> 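Structure provided below as structure tokens; questions to follow.
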Amino acid sequence: MAVPRVWAVIVAAGWGARFGGPKQFSDLGGARLVDHAIATASSVCDAVVLVVPDADDWQGAEVAGLVTGGATRAESVRAGLAAVPTGAEVVVVHDAARPLATAELFASVIAAVRAGADGAIPGLAVADTLKRVDDIRVTATVDRVGLVTVQTPQAFAAGMLRAAHATAADATDDAALVEGIGGNVVVVPGDPRNLKVTGPADLMIAAALLEIS
């Protein structure tokens, strides 16, 4: 039987220290954040691997792979990647804390990898003035030209992502690991509505965005 070509790894293994609990299991419009992520990923990708704090406790949609995460985000992604068959061509990594990511955004990063990039990430141009500070004192104003804020989902050629994670390095996103081994990572237009739920206020904003979508 042929291996599905496009796999998603949904990272939902955090303990939500800043949120006050595992935010990925918080309700948003009648479904949990992680449920929104699974539904969207499943609508675009051929198969989904879910990384959670404890795979034995999972109650939710059936997925192709279910694994327990690690102590860091990178370790959790590696755990999920280990459950992706070697025949996969593209792997999309997505944070469950971004429940409003659209199917179109998933399709956009996948298309960029299929067009030849080693990785593709959604980015938004920085609109605010940036300052570098030492404690409370401003030490410099940073030129924002060419700077973007980065979101998930992020798509990668499967072999390149495996090679990047084989270094056992740590980073705040997978693109940094692929960049670190010389991979060609491109940026596609991000979505301002694709916010990351970090604190309770973000959940309120996400609920408002969901109501008007």
Side-chain angles (χ1 to χ4, degrees), residues 4 6-84 88 90-110 121-122 150-156 161 165 172-175 190-211 213:
V6 181
W7 283 66
V9 174
I10 297 179
V11 186
W15 293 100
R18 286 175 291 180
F19 189 84
K23 59 194 172 187
Q24 64 270 35
F25 302 121
S26 296
D27 180 81
L28 176 64
R32 301 169 300 180
L33 303 190
V34 65
D35 298 325
H36 285 282
I38 293 171
T40 305
S42 297
S43 73
V44 181
C45 302
D46 296 315
V48 172
V49 172
L50 179 63
V51 188
V52 291
D54 187 342
D56 291 334
D57 291 339
W58 171 248
Q59 295 182 9
E62 184 176 349
V63 291
L66 180 63
V67 299
T68 298
T72 66
R73 183 186 184 279
E75 290 179 3
S76 291
V77 174
R78 282 193 275 276
L81 191 57
V84 175
V90 179
V91 178
V92 185
V93 182
H94 182 53
D95 294 328
R98 292 186 183 272
L100 301 183
T102 63
E104 291 76 15
L105 194 56
F106 273 82
S108 181
V109 292
I110 292 168
I121 60 178
V150 173
Q151 305 173 330
T152 68
Q154 300 183 354
F156 303 94
L161 185 61
H165 275 283
T172 55
D173 77 346
D174 297 277
D191 183 353
R193 294 166 52 90
N194 182 26
L195 84 166
K196 182 178 182 180
V197 175
T198 301
D202 299 318
L203 188 60
M204 295 173 62
I205 296 170
L209 290 171
L210 188 63
E211 285 183 3
S213 63

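Quick note: residue numbers are just sequence positions, from 1. Fair warning: this is a prediction, and the values are worked out from it, not measured in the lab.
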> Kindly assign one of parallel, tilted or perpendicular to the pair His94 and Phe106, based on the angle between their ring planes and the thresholds 30° and 60°.
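Geometry flag for Phe106 against His94: perpendicular rings.
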
> Between Thr40 and Ala103 (side chain of the first, backbone of the second, donor and acceptor by atom type, cut-off under 3.5 Å), is there such a pair?
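Not a single qualifying donor-acceptor pair exists.
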
> Starting from the C-alpha separation in whole Å, work towards a yes-or-no answer on side-chain contact (heavy atoms from CB on, under 4.5 Å) for Cys45 and Ile110.
CA-CA 9 Å; Cys45 302; Ile110 292 168; 4.2 Å; yes

> Check whether any side-chain heavy atom of Val34 lies under 4.5 Å from a side-chain heavy atom of Phe25, and answer yes or no.
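Val34 vs Phe25: side chains touch.
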
> Would you confirm whether Ser76, through its side chain, and Ala13, through its main-chain N or O, come within 3.5 Å as a donor-acceptor pair?
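Side chain of Ser76 to backbone of Ala13: no pair is present.
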
> In the structure I gave you, are the side-chain heavy atoms of Leu50 and Val67 within less than 4.5 Å of one another anywhere?
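No, every pair of side-chain atoms sits at 4.5 Å or beyond.
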
> What's the separation between atom NZ in Lys196 and atom CG in Asp95, rounded to the nearest 0.5 Å?
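Rounded to the nearest 0.5 Å, the NZ-CG separation comes out at 5.5 Å.
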
> Might you point out which heavy atoms bring Gln151 and Asn194 nearest each other, and give the distance in Å?
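Here Gln151 and Asn194 meet closest at OE1-ND2, 3.2 Å.
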
> For Gly14, does its backbone N or O pair with a side-chain atom of Gln24 as donor and acceptor, under 3.5 Å?
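Yes.
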
> Can a donor-acceptor pair be found, under 3.5 Å and without considering hydrogens, that links the side chain of Ser26 to the backbone of Lys23?
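Yes: the side chain of Ser26 pairs with the backbone of Lys23.
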
> Quick one: does Thr68's side chain have a donor or acceptor within less than 3.5 Å of a partner on Ala55's backbone?
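Judged by distance alone, yes, a pair lies under 3.5 Å.
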
> For the residue pair Leu105 and Gly190, what are the closest heavy atoms and their distance?
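Looks like CD1-CA, 4.4 Å.
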
> State, to 0.1 Å, how close Pro122 and Pro153 come at their nearest heavy-atom pair, and which atoms those are.
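Taking Pro122 first and Pro153 second, the nearest heavy atoms are CD-O, 3.0 Å.
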
> If we ignore hydrogens and angles and just use 3.5 Å, is the side chain of Asp202 paired with the main-chain N or O of Thr198 as donor and acceptor?
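Yes, the answer is positive, given that a donor and an acceptor are paired below the 3.5 Å cut-off.
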
> Do you see a donor-acceptor pair shorter than 3.5 Å between the side chains of Gln154 and Asp174?
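Judged by distance alone, the side chains do not pair up.
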
> Just wondering, do Arg73 and Thr172 contact through their side chains at under 4.5 Å, heavy atoms?
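Sidechains of Arg73 and Thr172: no contact.
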
